[in-house]
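Just below is one structure, and these are the notes that go with it.
Just so you know, residue 1 is the first one in the sequence shown, and it goes up from there.
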Amino acid sequence: MQTDLIAQLTLAAPELFVAAGALVLLMVGVFSGERANTLVTGLAVAVLVGALALVILFPDNGNAFGDAFVSDGFGRFMKVLTLIGSLVTLVMSVGFAKAEKFDRFEFPVLILLATLGMMLMVSASNMLTLYLGLELQSLSLYVLAAINRDSVRSTEAGLKYFVLGALSSGMLLYGISLVYGFTGQIGFREIAAVLSGGERQLGLVFGLVFVLAGLAFKISAVPFHMWTPDVYEGAPTPVTAFFAAAPKMAAMALVVRVVMGAFEPVTQDWQQVIIFISIASMLLGAFAAIGQRNIKRLMAYSSIGHVGYALVGLAAGTTTGVRGVALYMLIYLVMTLGTFAFILAMRTKDGNVEQIEDLAGLSRTNPVMATIMTIFLFSLAGIPPLAGFWAKWYVFLAAVEAGLYPLAVIGIVSSVIGAFYYLRLIKIMWFDEPAGGFVPVAGELRLVLGVSGAFVLLYVLIGGPIGAIADAAAKSFF
């Protein structure tokens with residue numbers, strides 16, 4: 001019995017490490033006085049690096065805690081992305097938090113708690129773990145959105161996110177209760193066994209729709225995207241970067257796990273829902289971003305569009321599709337972190353600026369920065385041979401192989417429409433008259449810009465091994 005418990009705790013070692021780290025750092029912060037923030041931030045980075053090392057170096061497969069927690073190749077792949085997203089955004093936030101005077105030790109502790117929730121979401125194997133992980137992540141994110149108490153915009157963003165998040169949690173719980181009522185099970189494997197054994201009932205389909213609606217809110221897919229532009233614009237920029245990166249990885253992993261695990265026998269039913277929200281997200285992301293003048297709002301609509309593209313792969317419901325989703329999320333993560341490093345570097349003597357007009361003539365005042373941002377924008381638009389092109393290639397290929405030709409065509413059309421607002425930014429940077437330069441870029445932002453820029457540019461050379469890892473991860477479901 002004792003050996004069994006140790007084996008189960010070993011499977012959850014990264015999560016336990018992050019949980020212990022968050023609790024210890026909370027105590028360190030409380031008792032360290034004035035210098036708490038720098039110390040706690042440094043230690044939080046160390047905790048995330050340690051968790052990343054545990055995930056990569058000790059790849060154990062198996063189920064723990066009565067099948068409530070699963071560790072497999074797909075989970076590890078998505079946990080690595082989640083941890084990298086949290087780690088990089090925490091490092092990028094240091095200078096901004098000091099300048100905007102919200103450098104409190106609670107910030108890194110909340111990032112750790114949100115990351116713990118995300119890791120639980122990625123490894124969820126029953127409805128209770130799913131909900132606990134989701135709520136731990138969500139409660140931390142509500143506070144993070146409103147962490148800059150001196151800013152009315154930040155407080156408003158936190159409140160909007162909280163109210164709409166509570167609504168989505170209610171929908172998710174209602175869906176879970178319906179699924180439990182019609183199957184008598186909460187474990188993904190057991191639900192799948194019940195569904196494959198008998199005829200599906202209408203109430204169960206309603207439950208599935210409500211569960212997907214609750215999860216769609218977390219990935220900001222249409223029609224549950226209402227919070228995204230306002231929260232992205234209102235929250236402090238490092239928090240927006242965090243929202244756009246890590247939680248998206250975990251929520252997408254959870255959607256994949258729910259539909260490919262618990263609801264795999266009723267593929268026909270969830271496929272229709274996924275196709276609908278995929279098309280709606282791609283089209284809204286393409287059209288709504290055209291009129292935006294604030295770069296953070298523009299990135300919000302861009303992220304809604306990219307979630308739609310990732311769901312194209314999931315709609316296929318095949319190994320190629322899941323591999324496409326995993327690769328899409330990896331490439332999206334790198335592009336997003338690079339773009340937000342650039343947005344954080346948009347700083348004049350008077351403070352940070354967010355309007356698109358502030359980029360005018362950047363190629364003359366800071367050609368290196370303008371060049372790297374141009375690479376990101378071309379990649380986000382899906383221009384070959386950059387990483388963003390291959391991300392879309394994988395998901396559209398999966399849709400075509402599964403016979404979903406209209407979905408692939410709509411995806412390509414909306415990708416062409418979306419290219420307009422990325423190209424407009426490039427035009428402003430390279431052809432407009434300079435609006436005055438930015439102050440020198442901080443070292444940590446330079447590092448993120450350089451590494452992510454190189455990845456996006458050279459992906460074509462390193463795509464093979466990364467594709468093989470994603471393929472092995474996708475096979476966890478088949």
For [X], does the [atom1] atom have more than 12 heavy-atom neighbours from other residues, nucleotides or ligands under 6.0 Å away?
X	atom1	answer
F389	CZ	yes
F287	CZ	no
F477	CZ	yes
W430	CH2	yes

(message) Nearest 0.5 angstrom please: M78 CE to M329 CE, how far?
(response) 5.5 Å

(message) Would you compute the distance between atom OG1 of T336 and atom CZ of F376 and round it to the nearest 0.5 angstrom?
(response) 10.0 Å

(message) My understanding is that only residues two or more places apart in sequence, or in another chain, count here; which of them pass ring-ring contact (aromatic ring centres under 6.0 Å, His included) with F396?
(response) none

(request) Would you please name every residue forming a ring-ring contact (aromatic ring centres under 6.0 Å, His included) with F69, sequence neighbours left out? (result) none

(request) Taking side chain to side chain donor-acceptor pair (under 3.5 Å) as the test, write out the residues that go with S278, two or more places apart. (result) none

(message) Pair M373, T339 - check side-chain contact (heavy atoms from CB on, under 4.5 Å), show working.
(response) CA-CA 7 Å; M373 185 57 172; T339 308; 3.7 Å; yes

(request) In sequence, state the C-alpha distance, the side-chain angles, and the governing distance for N63 and R189, and then conclude on side-chain contact (heavy atoms from CB on, under 4.5 Å). (result) CA-CA 11 Å; N63 290 48; R189 204 183 294 172; 2.9 Å; yes

(request) Run the numbers on D230 and R297 for side-chain contact (heavy atoms from CB on, under 4.5 Å), then give the verdict. (result) CA-CA 7 Å; D230 292 339; R297 274 187 93 82; 3.0 Å; yes

(message) As a test of understanding, state which of D269, V179, L204 forms a side chain to side chain contact (heavy atoms under 4.5 Å, CB included) with L195.
(response) L204

Ignoring hydrogens and angles, tell me if any N or O in the side chain of [X] forms a donor-acceptor pair with the backbone of [Y] under 3.5 Å.
X	Y	value
Q185	I191	no
T115	I111	yes
R76	D60	yes
T240	Y232	yes
S476	F74	yes
E233	K296	no
S123	S71	no
E190	I186	no
R257	V122	yes
S154	A145	yes

What are the two closest heavy atoms between [X] and [Y], and how far apart are they?
X	Y	value
A157	V231	O-CG2, 3.6 Å
A216	I277	CB-CD1, 4.2 Å
M282	G308	CG-C, 3.6 Å
A213	M171	CB-CE, 3.5 Å
A381	K392	O-NZ, 3.5 Å
G313	V325	C-CG2, 3.9 Å

(message) In terms of relative ring orientation, are Y459 and Y394 parallel, tilted or perpendicular, with 30° and 60° separating the classes?
(response) perpendicular

(message) Check the orientation of W227 and F217. Use parallel for under 30°, tilted for 30 to 60°, and perpendicular for over 60°.
(response) tilted

Can I get a per-line list of side-chain donor-acceptor pairs under 3.5 Å for residues 444-455, giving both atom names and the distance, sequence neighbours left out?
residue, atom, partner, partner atom, Å
R446, NH1, V441, O, 2.8
S452, OG, V448, O, 2.4

(request) Test side-chain contact (heavy atoms from CB on, under 4.5 Å) on K218 and F224 and set out the steps. (result) CA-CA 8 Å; K218 300 301 174 191; F224 307 100; over 6 Å; no

Checking [Y] against [X]: is there a side-chain donor and acceptor pair closer than 3.5 Å?
X	Y	value
Y328	H306	yes
S302	Y421	no
E135	S169	yes

Let me have the donor-acceptor pairs involving side chains of residues 259-267, under 3.5 Å, with sequence neighbours excluded, atom names and distances please.
residue, atom, partner, partner atom, Å
T267, OG1, E264, O, 2.6

Donor-acceptor pairs under 3.5 Å, side chain of residues 397-414 to any protein atom, not counting sequence neighbours: which ones?
residue, atom, partner, partner atom, Å
E401, OE1, T320, OG1, 3.3
S414, OG, Y309, OH, 3.4
S414, OG, I410, O, 3.2
S414, OG, G411, O, 3.1

